[in-house]
J.: 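Here's a structure for you.
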2 protein chains.
Amino acid sequence: MAKHHPELSLLFHALADTTRRSILARLAEGPARVTDLSEPTGLRLPTVMRHLSVLEEAGLIATSKDGRVRTCAIVPEALEPARTWLDEQRAVWESRLDRLEAFAIKAAKERAK
Amino acid sequence: MAKHHPELSLLFHALADTTRRSILARLAEGPARVTDLSEPTGLRLPTVMRHLSVLEEAGLIATSKDGRVRTCAIVPEALEPARTWLDEQRAVWESRLDRLEAFAIKAAKERAK
DNA sequence: ATGATGCTTAGCCATGTCGCTAACTATCAT
DNA sequence: ATGATAGTTAGCGACATGGCTAAGCATCAT
């Protein structure tokens, strides 16, 4: 049952951090330099660098260096695996709603005790 | 720009682990006892318990105890915040494709050097 | 009432994460 | 060639994570 999806783990892990999500939000407005990402977050450069490497390993951003300036940009397709997984799960989970309801009744009974 | 979404962090973090995703896959087939989840994963009970509490805190599962048996079941709506966030991002990211392409050209130039 | 069963708690170990500072390298401007 | 600027590397500290064992508690069957 699709037990090993390291890419999904990388992806979800990268998204599971408010700082990284706000970096992505900033990059959604357009490419930015590392320093541009450091200022609004109030974080030091090395800290930002680490977040960027997590995002890059997850495939969520791409970076390139021109002179001494590194520019970061979003990779929109990177979200697809997550989206696909969520859709698949939703499909399966909802098709089991009958059983879920049976469980909910049991749970309610338990809660009432 | 929606900087603080602790629920999203909990959610993505819960999903960022293959063991937890396979527990969810198992639960997608219907509610199960803790022991039922322990056997296929090959993990010890306390380990499974910890994963379950992570999943429960993220709102992804609900559990109830009847006698000495705890039953776990999926909470389908729990995926919605993640799905919504992904959809929003995709919308924004894709609307910036023009800028992205400009960046891609620059990146290609850099890669070639 | 005894033992088996199912879960729970406490606590250990190795490793990973997230922030930092300090020091280094590389580039650009003068 | 000097200094400012942009990024990078190394390494620290506090804490979280993911696995385990051992021991405890509660319930069910006999």
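Each chain gets a letter, A, B and so on, in the order its sequence line appears, and its residues count up from 1.
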J.: A side-chain contact here means heavy atoms from C-beta on lying under 4.5 Å apart; do A/W85 and B/R21 qualify?
T.: yes
J.: Roughly how many Å is it from CG in A/L37 to C1' in D/dA6, rounded to a whole number?
T.: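 Rounded to whole Å, this separation is 13 Å.
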J.: Would you check, one step at a time, whether the test side-chain contact (heavy atoms from CB on, under 4.5 Å) holds for A/V34 with A/T71?
T.: CA-CA 7 Å; A/V34 178; A/T71 306; over 6 Å; no
J.: May I have the distance from B/D36 (atom CG) to C/dC7 (atom C1'), rounded to whole angstrom?
T.: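 After rounding, the gap between these two atoms is 13 Å.
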J.: Do A/L60 and A/I74 touch side chain to side chain, with heavy atoms closer than 4.5 Å?
T.: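 A/L60 does not reach A/I74 side chain to side chain.
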J.: Choose from D/dT8, C/dG6, C/dT8 the nucleotide whose nearest atom is closest to any side-chain atom of B/R33.
T.: C/dG6
J.: Any side-chain heavy atom of B/L24 within less than 4.5 Å of one from B/R26?
T.: no
J.: How many whole angstroms separate atom CG of B/L52 from atom P of C/dT9?
T.: 13 Å
J.: Please determine whether a side-chain nitrogen of the Lys or Arg among A/D87 and A/R83 lies less than 4.0 Å from a carboxylate oxygen of the Asp or Glu.
T.: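 Result for this pair is yes, salt bridge flagged.
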J.: Do B/T63 and B/E56 make a side-chain contact, defined as non-hydrogen atoms from C-beta onward lying under 4.5 Å apart?
T.: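 The answer is yes; the side chains approach within 4.5 Å.
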J.: Does any non-hydrogen side-chain atom of A/E7 lie less than 4.5 Å from one of A/L11?
T.: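 A side-chain contact is absent here, since even the closest heavy-atom pair is not under 4.5 Å.
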J.: Taking atom C1' of C/dC18 as reference, at what distance in whole Å does atom CG of A/L55 sit?
T.: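 Atom CG in A/L55 sits about 14 Å away from atom C1' in C/dC18.
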J.: So if I take every side-chain heavy atom of A/M49 and compare against C/dT8, D/dT8, D/dG7, which nucleotide ends up nearest?
T.: D/dT8
J.: Is there a side-chain contact between B/L79 and A/Q89 in this structure, where contact means two heavy atoms from C-beta onward sitting under 4.5 Å apart?
T.: yes
J.: Any non-hydrogen side-chain atom of B/C72 less than 4.5 Å from a side-chain atom of B/L52?
T.: yes
J.: Sort me out a list of protein N/O and nucleotides 19-21 of chain C N/O pairs below 3.5 Å, or just none if empty.
T.:
{"from": "C/dG19", "atom 1": "OP2", "to": "A/H51", "atom 2": "NE2", "distance (Å)": "2.1"}
{"from": "C/dC20", "atom 1": "OP2", "to": "A/R44", "atom 2": "N", "distance (Å)": "3.2"}
{"from": "C/dC20", "atom 1": "OP2", "to": "A/T47", "atom 2": "OG1", "distance (Å)": "2.7"}
{"from": "C/dT21", "atom 1": "OP2", "to": "A/R44", "atom 2": "NE", "distance (Å)": "3.3"}

J.: Got a list of protein N/O to nucleotides 26-30 of chain C N/O distances below 3.5 Å?
T.:
{"from": "C/dT27", "atom 1": "O2", "to": "A/R68", "atom 2": "NH1", "distance (Å)": "3.2"}
{"from": "C/dC28", "atom 1": "O4'", "to": "A/R68", "atom 2": "NH2", "distance (Å)": "3.4"}

J.: Do other residues, nucleotides or ligands put more than 12 heavy atoms under 6.0 Å from the CZ atom of B/R70?
T.: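 Yes, because the 6.0 Å sphere around CZ of B/R70 holds more than 12 heavy atoms from other groups.
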J.: Scan residues 7-15 of chain B against DNA chain D and write down, sorted by residue number, each residue with any heavy atom closer than 4.0 Å; if none is found, say none.
T.: B/H13
J.: Go through the side-chain N and O atoms of B/S38 and B/R33 and say whether any donor and acceptor fall under 3.5 Å apart.
T.: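 No, because no side-chain N or O of B/S38 sits under 3.5 Å from a partner of the opposite role on B/R33.
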